[in-house]
Asks: 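Can you read through this structure? Questions will come right after.
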There are 2 protein chains.
Amino acid sequence: MDRLRKHIEQITPLTDEEFDYVRTFFTLKKVRKNQYLIHEGDDTKYEYLVLSGIYKVFFVDNAGKEYIVQFAQQNWWMSDYDAFFKEKEATMFIECMDAGEVLYSTLASREKLSADLHKMEHFFRVKLTNGYVALQQRIKLLLSSTPQQRYAEFSKLYPELIERIPKKFIAEYLGVSRETLSRLYAGKS
Amino acid sequence: MDRLRKHIEQITPLTDEEFDYVRTFFTLKKVRKNQYLIHEGDDTKYEYLVLSGIYKVFFVDNAGKEYIVQFAQQNWWMSDYDAFFKEKEATMFIECMDAGEVLYSTLASREKLSADLHKMEHFFRVKLTNGYVALQQRIKLLLSSTPQQRYAEFSKLYPELIERIPKKFIAEYLGVSRETLSRLYAGKS
DNA sequence: AAAAAAGTGTGATTTGGATCACACTGTTAT
DNA sequence: ATAACAGTGTGATCCAAATCACACTTTTTT
């Protein structure tokens, strides 16, 4: 739980009492490789803060094709946020690609913490602000760039992931076919 | 300014004193058609709340092609948020497509209001939450859908805009060429 | 250690949408 | 009222990336 405190305190300091209160809203969970944290059709009860491991947030279209919305690593939050915030059934999946641990928490917890502690509402606002900007960047990229530019940008943003996850998933994230992506770096180190 | 109060109170009620304080952070501005509120290269001092009119938030690539990131109408907030939050130079433009009025405010104001009034931090958090979910939806659409699906979705989300703005701008928003979009509804009412 | 499954590279073929080109219409400016 | 311009429809052509196909390699399972 110490990791949670460090994570929050990157944005706002907490007293010991405050953190003792905050911690009660989170539960630790170990996750095996290939395990699902959220499955399409389930009620979306939880959001997750990644302590370790790698996860993919994705959805599947009618034709059965997969599209990755987000990769999550240490200190990333993840859920099917549309479903989580609106308390609907999930339309996405979250699957573990590399075993690790997460903390999970409910919407009620997020709201209670925000209402009780101004600091926590601040924390969530700052996180959301960063997330909003990142998604907008991604939209700009999807609208305007070629596959090579997308791959270059991805390499810059997530150099660690390039090595650690199969290329086919990177293709699914970039919105490019596996084959096209493969040809992009044919003949690079 | 009454409109501002109504807007905020859709999320959280304010006392008269609180609102009198809040209002001091916003300034009214009339905007003519084709006027720019933000121009690439400028310092991004303000964010805007639309009271009336229609605006487009867009950027231009090296080849001079335009891509629309957002259309804004009544009660939408807009800025080059990446630049606004990070206090950088704008990489986007905001142009008025239909004359109207906006309220504007600075990053310092947003932060001061959030710090002073827990209610306002809550307001901004809720707004950001909705915005985050909307952007994620857009990413899902950009990743997985054909031009026709995008146009159908746009028509559903913004039926009013379809009539009021030139189709070429809708094409720029959807990431499709003007010509392709035109052919999609060739032979529909 | 063998078998099965998952991931990857690379050629051949197809295709959806971009681009180019131009005519027509509707709007704005003088 | 006429000129200039912005927006739109539609045909012809082109092309980048998707799709299809298959061999090779690496990882996982038993």
Side-chain angles (χ1 to χ4, degrees), chain A residues 31-36 53-56 58 60-68 71 93 95-99 141-155 161-189, chain B residues 32-36 54-56 58 60-68 71 93 95-99 141-155 161-189:
Chain A
V31 193
R32 305 180 311 281
K33 187 165 177 173
N34 299 323
Q35 185 178 351
Y36 287 92
I54 302 180
Y55 307 80
K56 59 172 172 162
F58 67 102
V60 179
D61 71 10
N62 303 324
K65 229 174 126 180
E66 286 190 21
Y67 302 88
I68 295 178
F71 289 113
F93 303 80
E95 187 177 354
C96 177
M97 302 177 73
D98 213 18
L141 210 68
L142 285 174
L143 277 176
S144 69
S145 66
T146 63
Q148 28 267 288
Q149 291 172 312
R150 294 184 201 184
Y151 183 68
E153 185 69 16
F154 186 89
S155 309
L161 286 184
I162 296 273
E163 336 255 88
R164 294 185 59 193
I165 65 182
K167 300 273 191 293
K168 61 175 280 207
F169 295 123
I170 297 178
E172 287 176 21
Y173 178 89
L174 298 178
V176 170
S177 78
R178 220 202 77 225
E179 293 92 333
T180 296
L181 182 64
S182 167
R183 286 184 245 263
L184 288 185
Y185 48 75
K188 290 196 197 164
S189 74
Chain B
R32 303 180 313 281
K33 187 165 177 173
N34 300 323
Q35 185 178 351
Y36 288 92
I54 303 180
Y55 308 80
K56 59 171 173 164
F58 67 102
V60 178
D61 71 12
N62 303 326
K65 228 176 125 180
E66 287 189 21
Y67 302 88
I68 294 178
F71 289 114
F93 302 81
E95 186 178 355
C96 177
M97 302 176 72
D98 212 19
L141 210 68
L142 285 174
L143 277 177
S144 69
S145 66
T146 63
Q148 28 268 287
Q149 292 171 312
R150 293 184 201 184
Y151 182 68
E153 186 69 17
F154 186 89
S155 308
L161 286 183
I162 296 272
E163 337 255 87
R164 294 185 59 194
I165 64 182
K167 300 274 191 290
K168 61 175 279 208
F169 295 123
I170 297 178
E172 286 176 21
Y173 178 88
L174 298 178
V176 170
S177 77
R178 218 204 78 223
E179 294 92 333
T180 297
L181 182 64
S182 166
R183 286 185 246 263
L184 288 185
Y185 48 75
K188 289 194 197 166
S189 73

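Letters A, B, ... mirror the listed sequences (proteins, then strands); counts begin at 1. Note that these values count all heavy atoms, side chains included, but never hydrogens, waters or copies made by symmetry.
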Asks: Check the orientation of Phe58(A) and Tyr36(A). Use parallel for under 30°, tilted for 30 to 60°, and perpendicular for over 60°.
Replies: tilted
Asks: Among dT8(D), dG7(C), dG17(C), which nucleotide has an atom closest to any side-chain atom of Pro166(A)?
Replies: dG7(C)
Asks: Return the value, rounded to whole Å, for the distance between atom CD of Glu66(B) and atom C1' of dG7(D).
Replies: 14 Å
Asks: Evaluate the side-chain proximity of Leu184(B) to Pro147(B): yes if any heavy-atom separation is below 4.5 Å, no if none is.
Replies: yes
Asks: How does protein contact run along nucleotides 23-30 of chain D, one letter per nucleotide 5' to 3', with B for base contact, S for sugar-phosphate only, - for none, heavy atoms under 4.0 Å?
Replies: -----S--
Asks: Report yes or no: is the cationic atom of Lys56(B) (NZ for Lys, CZ for Arg) closer than 6.0 Å to the six-membered ring centre of Phe93(B), at no more than 45° off its axis?
Replies: no
Asks: The side chain of Arg183(B) lies closest to which of these nucleotides: dT8(D), dT10(C), dG11(D)?
Replies: dG11(D)
Asks: Got a list of side-chain donor-acceptor pairs under 3.5 Å for residues 168-175 of chain B, not counting sequence neighbours?
Replies:
none

Asks: Taking the side chain of Ser177(A) as its heavy atoms from C-beta onward, which of dT19(D), dG17(C), dT8(C) lies nearest to it?
Replies: dT19(D)
Asks: With a 4.5 Å limit on heavy-atom distance, are the side chains of Met97(B) and Ile165(B) in contact?
Replies: yes
Asks: Does the side chain of Gln149(A) reach to within under 4.5 Å of the side chain of Leu141(A), using non-hydrogen atoms?
Replies: no
Asks: Does any part of the side chain of Glu153(B), heavy atoms only, come nearer than 4.5 Å to the side chain of Arg150(B), both counted from C-beta?
Replies: no
Asks: Taking only N and O in the side chain of Ser182(A), is any of them less than 4.0 Å away from OP1 or OP2 of dG9(C)?
Replies: yes
Asks: Measure from the side chain of Pro147(B), starting at C-beta and using heavy atoms only, and say which of dG9(D), dG17(C), dG7(D) lies closest.
Replies: dG17(C)
Asks: Select one nucleotide: of dG9(D), dG7(C), dG9(C), the one nearest the side-chain heavy atoms of Lys168(A).
Replies: dG7(C)
Asks: Can you check whether Asp98(B) reaches Arg164(B) side chain to side chain, under 4.5 Å on heavy atoms?
Replies: yes
Asks: Just the rounded figure in Å: distance from P of dG7(D) to CZ of Arg164(B).
Replies: 16 Å
Asks: Nearest whole Å is fine: how far is dA17(D) C1' from Leu142(A) CG?
Replies: 16 Å
Asks: Could you give the angle between the helix axes at the two ends of the helix from dA1(C)-dT30(D) to dT30(C)-dA1(D), with five pairs per end, rounded to 10 degrees?
Replies: 60°
